[in-house]
Undergrad: 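Structure below; questions to follow.
Numbers restart at 1 for each chain; the letters A, B, ... are given by sequence-line order, proteins then strands. Computation of the quantities below employed the complete heavy-atom set of this structure, encompassing side-chain atoms and omitting hydrogens, waters and symmetry-equivalent molecules.
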2 protein chains.
Amino acid sequence: MKSTPTPAATQMDKPHPCDVCFQSKFCLPIGLPQAEMGRIRDVIQATVRVQKGETLFSAGQPMTKVYSVHAGSFKSYVTSPDGREQIVGFHIPGEMMGLEGLGQHTYFTDTVALEDSEACEIDLRALETTTRDLPSLQHQLHCIVGNKLVRAQQDQFSLGSMHADERLARFLLDLSERFKARGLSPDEFVLRMSREEIGSYLGLKLETVSRLMSKFHSAGLIHVAQRQIRITDRRALAELLMPQT
Amino acid sequence: MKSTPTPAATQMDKPHPCDVCFQSKFCLPIGLPQAEMGRIRDVIQATVRVQKGETLFSAGQPMTKVYSVHAGSFKSYVTSPDGREQIVGFHIPGEMMGLEGLGQHTYFTDTVALEDSEACEIDLRALETTTRDLPSLQHQLHCIVGNKLVRAQQDQFSLGSMHADERLARFLLDLSERFKARGLSPDEFVLRMSREEIGSYLGLKLETVSRLMSKFHSAGLIHVAQRQIRITDRRALAELLMPQT
DNA sequence: CGTTGATTTGAATATCCTCAACGTGCGTGG
DNA sequence: CCACGCACGTTGAGGATATTCAAATCAACG
């Protein structure tokens with residue numbers, strides 16, 4: 001399954017897509033010394049292909065790797081003893097998955113591809129060793145987990161304090177921003193997840209999500225055709241998040 | 001404000017209370033070489049006293065330190081642009097605060113003492129430097145952030161998939177476990193936060209929390225007298241979390 | 001004691017959910 | 001190429017859960 005055959009150093013000019021997660025604007029700026037970039041790349045072991053619906057890793061499994069999305073998209077969900085599932089995150093290219101296993105060395109979520117996708121494997125041992133040598137990589141890792149924690153807190157806010165329509169608006173705007181950060185169109189994109197999956201993530205039922213999509217559509221905030229979304233009135237969508245105005 | 005005057009090495013026999021967060025059962029077992037323990041202690045700079053209601057750090061502030069609770073308790077909350085507040089966590093002795101700032105070097109929550117409390121300051125630079133030299137400390141830090149991420153996902157499950165009574169039951173059982181892990185009674189304890197604060201954390205209104213406390217009380221699950229709680233039927237409380245049984 | 005803030009309790013309401021029916025798009029196979 | 005079936009999505013009506021508003025009670029503290 002190894003699909004990174006060329007030594008890292010030879011492709012310095014053309015960044016490997018997996019570097020994205022180490023170069024996000026929130027973290028280190030691009031432009032590290034080449035030697036360091038080479039070593040950072042070396043912790044990326046291989047690229048695995050995962051078909052739509054297939055599981056990348058499961059809760060309870062011993063954890064030896066973290067992953068970054070190379071192409072496609074994934075969902076992560078937790079399952080309670082009585083079988084209820086809650087999606088705790090969607091992942092698009094450049095984002096890391098599996099970090100919550102850092103402590104127990106056990107995955108805590110089931111992570112499944114939403115479409116045919118590819119993920120980069122990063123060996124945990126190699127990552128830990130290399131971060132010790134390479135302060136810039138250490139900092140990068142801290143950035144990533146810090147931002148994961150921030151995102152989790154934002155999700156908590158959404159679930160705990162926002163109304164259904166605000167949650168959906170935030171979801172759409174957040175996705176839009178993330179696409180933009182990856183160089184994709186922020187205004188027009190395809191949802192890779194079902195209404196039910198969106199609902200699970202937002203703590204809503206699929207019917208509620210559907211109703212709100214229709215409501216946003218007829219209010220002229222977005223154009224919806226199945227999973228194809230176009231944001232037509234970003235400002236109004238953003239204003240939903242500030243109810244008093 | 002410095003209240004750790006004695007060199008770390010001289011008090012090896014009697015662990016400093018702040019070590020707890022570096023020795024949790026979920027992370028490294030106690031019993032590191034003394035030299036390492038000494039260096040780990042050295043990253044703990046000082047102990048700050050915070051009076052009830054005072055702020056330890058605020059969202060948006062530049063972040064140079066993380067903190068661990070030495071004594072007392074804290075709440076962390078996020079505030080939206082329109083002024084709504086959502087408590088995203090309570091912290092008891094041995095737990096770390098401020099880690100979500102790792103990425104942006106900016107705090108993302110307001111963290112406030114629920115009672116007169118003490119927190120240990122840990123300089124971020126010192127922590128980063130020392131973790132590079134000390135694999136055991138690096139691993140410890142990874143454990144802590146990993147467990148933070150797991151906890152955040154559990155909170156997301158609670159907020160997104162559980163009913164009000166289940167959320168409160170989980171809250172009480174979770175607190176109970178954390179007290180137990182710190183050597184305190186798991187069955188009888190004092191809530192340091194108001195009904196409103198519990199409600200904020202659980203995504204409920206204070207009246208709902210109050211009603212459920214009363215309901216649990218009359219159902220014989222717990223004994224409630226203001227903020228004094230005694231868990232009288234742990235099993236029944238736990239069964240609330242598995243609705244089908 | 002009287003004031004203040006926190007908590008409890010009640011009644012009416014709103015939001016979101018459940019159940020159910022219907023529509024739409026897409027792939028498969030005739 | 002069209003028809004069928006199936007998964008997904010939409011829409012409606014009624015109901016449940018948690019909220020809002022309001023009032024009463026309790027505890028702490030000067």
Undergrad: Nearest whole Å is fine: how far is D:dA7 P from A:Arg227 CZ?
TA: 14 Å

Undergrad: Could you pull out every donor-acceptor pair under 3.5 Å between side chains of residues 53-60 of chain B and any protein atom, sequence neighbours left out?
TA:
| from | atom 1 | to | atom 2 | distance (Å) |
| --- | --- | --- | --- | --- |
| B:Glu54 | OE1 | B:Gln51 | N | 2.9 |

Undergrad: Should A:Gln61 and A:Thr106 be marked as a side-chain hydrogen bond (donor to acceptor under 3.5 Å, both in side chains) after you check the CA-CA gap, both sets of side-chain angles, and the distance that decides it?
TA: CA-CA 6 Å; A:Gln61 279 182 348; A:Thr106 303; over 6 Å; no

Undergrad: Generate the contact string for nucleotides 13-30 of chain D. Rules: B means base contact, S means sugar-phosphate contact only, - means no protein heavy atom under 4.0 Å.
TA: B----SBBB-----S---

Undergrad: Just distance, no hydrogens or angles: give the donor-acceptor pairs under 3.5 Å from side chains in residues 213-227 of chain B, sequence neighbours left out.
TA:
| from | atom 1 | to | atom 2 | distance (Å) |
| --- | --- | --- | --- | --- |
| B:Ser214 | OG | B:Ser210 | O | 3.1 |
| B:His217 | ND1 | B:Val224 | N | 3.0 |
| B:Ser218 | OG | B:Ser214 | O | 2.9 |
| B:Ser218 | OG | B:Lys215 | O | 3.3 |

Undergrad: Ignoring hydrogens and angles, state whether a donor on the side chain of A:Ser76 or A:His91 is under 3.5 Å from an acceptor on the partner side chain.
TA: yes

Undergrad: Are B:Glu115 and B:Lys52 ion-paired here, with the side-chain N under 4.0 Å from a carboxylate O?
TA: no

Undergrad: By a strict heavy-atom criterion of less than 4.0 Å, which residues belonging to residues 190-199 of chain B are in contact with DNA chain D?
TA: none

Undergrad: Under a 3.5 Å threshold, yes or no: a donor from one side chain and an acceptor from the other, between A:Thr109 and B:Gln153?
TA: no

Undergrad: Hey, is B:Arg167 close enough to B:Asp174 for a salt bridge, meaning N to O under 4.0 Å?
TA: no

Undergrad: Using modelled atom types only, decide if a donor and an acceptor are shared between the side chain of A:Thr79 and the backbone of A:Gly83 within a distance under 3.5 Å.
TA: no

Undergrad: Quick check against the 3.5 Å criterion: does B:Glu166 have a side-chain atom that pairs as donor or acceptor with the backbone of B:His163?
TA: yes

Undergrad: Mind grabbing the angle between the end helix axes of the helix from C:dC1-D:dG30 to C:dG30-D:dC1? Five pairs an end, 10° rounding.
TA: 30°

Undergrad: Mind checking A:Ser214 for me? I need base, sugar-phosphate or nothing, with any heavy atom below 4.0 Å counting as a touch.
TA: sugar-phosphate

Undergrad: Does the distance from a Lys or Arg side-chain N to an Asp or Glu carboxylate O, for B:Lys180 and B:Asp187, drop under 4.0 Å?
TA: no

Undergrad: With a strict under 4.0 Å distance from non-hydrogen atoms of chain B, what nucleotide opens and what nucleotide closes the contacted stretch of DNA chain C, reading 5' to 3'?
TA: C:dA6 to C:dA11

Undergrad: Does the separation of the ring centres of A:Phe74 and A:Phe90 fall below 6.0 angstrom?
TA: no

Undergrad: Does a salt bridge link B:Arg84 with B:Asp82, judged by any charged N lying under 4.0 Å from a carboxylate O?
TA: yes

Undergrad: Only one of B:Arg178, B:Lys148, B:Arg151 forms a salt bridge (Lys or Arg N to Asp or Glu O under 4.0 Å) with B:Glu95, so which one is it?
TA: B:Arg178

